[in-house]
Amino acid sequence: MPELPEVEVVRRGLEDHVVGRRITGVEFFGSRVVRRHLPGAPDLAARLVGRRVDAARRRGKYLWLVLSGDDGPGSALLMHLGMSGQLLVEAPDAPDEKHLHARFGFDDDGPELRFVDQRTFGGMAFSELTPGGIPETVSHIAPDPLEEDWDEELVVARMKARDSAVKRALLDQSLVSGIGNIYADEALWRASVHGERLASSLTRPALRRILGHARAVMVEALGEGGTSFDALYVNVNGASGYFDRSLNAYGQEGRPCRRCGTPIRREAFMNRSSYSCPRCQPRPRVRRD
DNA sequence: GAATCTTCCTGGGCGC
DNA sequence: TGCGCCCAGGAAGATT
């Protein structure tokens, strides 16, 4: 599924193939893809037609296309890929995908942009931008570790004040964005910390280490993800090479830990799964869910 | 106000 | 073969 590195690959693809082009046609298939745009699909389409795409930006797993023609901070088409969303740049005569939800045509009659989503957790909406250039509807989302103005010390301080499990804090997008279940497990494995440890019980250096590992693993994934996509195909492919070769914990149940050889365990956590090494990442004495 | 839980959704994989 | 169930995931909104 698309995680932050994959979303960044998509953003770069949009920068290459969509920015600078003027939208001339918009089609939505079904209403679910625009469920966060309360005025509905016709309203969203009307807001987009005739607008040029000036930039493609990202925070965490949110993507947005900055639209031309506004005074002030501007406006954008905000998108989230959810679990299975794909943004594809394709020839207009290419066959429709089974789970096609939206199609955008441009004034140069070149490749169109399509939003395809099997599990329909993804979606899009129109949003005004704040003076800082962030869509208003996601202004509560904290910066992600790959942003230039990422303030690690601020995040460490806020985590230190958290009376909840450190993995829960890592997944809280208002604290730090872009870290999903996979990268949370990988960062905690690298730091040799169990995800149910209370964030407030960890030392500041330990929290720094965890955040540093989260950033590092995403940078490494971005490096690999960036090479596995065709230039004309803005793709999202969670099953690409990186996941097969480089994961140390996530999805590795029963396989030997690459550090100590102990079989990786899987545990239920927050209605999903957590993977960790029983020896390197001992569970805290008092379990917190 | 903070922390936690529920809900949304589809299709692959599995057991029977 | 076909049916039913479980699981995966992010984030908004509801609940504690």
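Letters A, B, ... mirror the listed sequences (proteins, then strands); counts begin at 1. Because the structure is a prediction, the values reported are computed rather than measured.
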Under 4.0 Å from OP1 or OP2 of [N]: is there any side-chain N or O of [X] that close?
| X | N | answer |
| --- | --- | --- |
| A:Arg32 | B:dC9 | yes |
| A:Arg168 | B:dA3 | no |
| A:His99 | B:dG11 | yes |
| A:Tyr183 | C:dG10 | no |
| A:Thr120 | B:dC8 | no |
| A:His140 | C:dA12 | yes |
| A:Arg35 | B:dC9 | no |
| A:Arg36 | C:dG10 | no |

Could you state the [atom1]-[atom2] distance from [X] to [N], rounded to the nearest angstrom?
| X | N | atom1 | atom2 | answer |
| --- | --- | --- | --- | --- |
| A:Arg158 | B:dA3 | CZ | P | 10 Å |
| A:Glu253 | C:dC7 | CD | P | 12 Å |
| A:Asp172 | B:dA3 | CG | P | 9 Å |
| A:His101 | B:dC8 | NE2 | C1' | 13 Å |
| A:Lys160 | B:dA2 | NZ | C1' | 19 Å |
| A:Asp117 | B:dC8 | CG | C1' | 12 Å |
| A:Phe29 | B:dT10 | CZ | C1' | 19 Å |
| A:Phe121 | C:dC7 | CZ | P | 15 Å |

From the list [options], which nucleotide is the closest neighbour of the side chain of [X]?
| X | options | value |
| --- | --- | --- |
| A:Arg266 | C:dA8, B:dA3, B:dC9 | C:dA8 |
| A:Lys98 | B:dG11, C:dA11, B:dA3 | B:dG11 |
| A:Ser164 | C:dG10, C:dA8, B:dT4 | B:dT4 |

| query | Salt-bridged, A:Lys61 to A:Asp144, with N to O below 4.0 Å? | reply |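 So A:Lys61 does not pair with A:Asp144 through a salt bridge.
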| Is a salt bridge present between A:Asp108 and A:Arg21, judged by a nitrogen-to-oxygen distance below 4.0 Å? |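 A:Arg21 and A:Asp108: salt-bridged.
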| said: Quick one about A:Arg265 and A:Ser276 (side-chain donor to acceptor, distance below 3.5 Å, no hydrogens or angles considered), yes or no? | reply: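 On atom types as modelled, these side chains qualify, holding a pair under 3.5 Å.
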| query | Which residue, A:Arg272 or A:Arg162, contacts DNA chain B at a nucleotide closer to its 5' end, judged by nearest heavy atom? | reply |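 By nearest-heavy-atom nucleotide position, the 5'-most residue is A:Arg162.
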| task | Only counting residues at least two apart or in another chain, list the ones meeting salt bridge (charged side-chain N to carboxylate O under 4.0 Å, His left out) with A:Asp117. | result |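 For A:Asp117, no residue satisfies salt bridge (charged side-chain N to carboxylate O under 4.0 Å, His left out) once neighbours in sequence are set aside.
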| query | Is the Lys NZ or Arg CZ of A:Arg259 less than 6.0 Å from the centre of A:Trp189's six-membered ring, within 45° of the axis? | reply |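 Geometry flag: set, cation within 6.0 Å and 45°.
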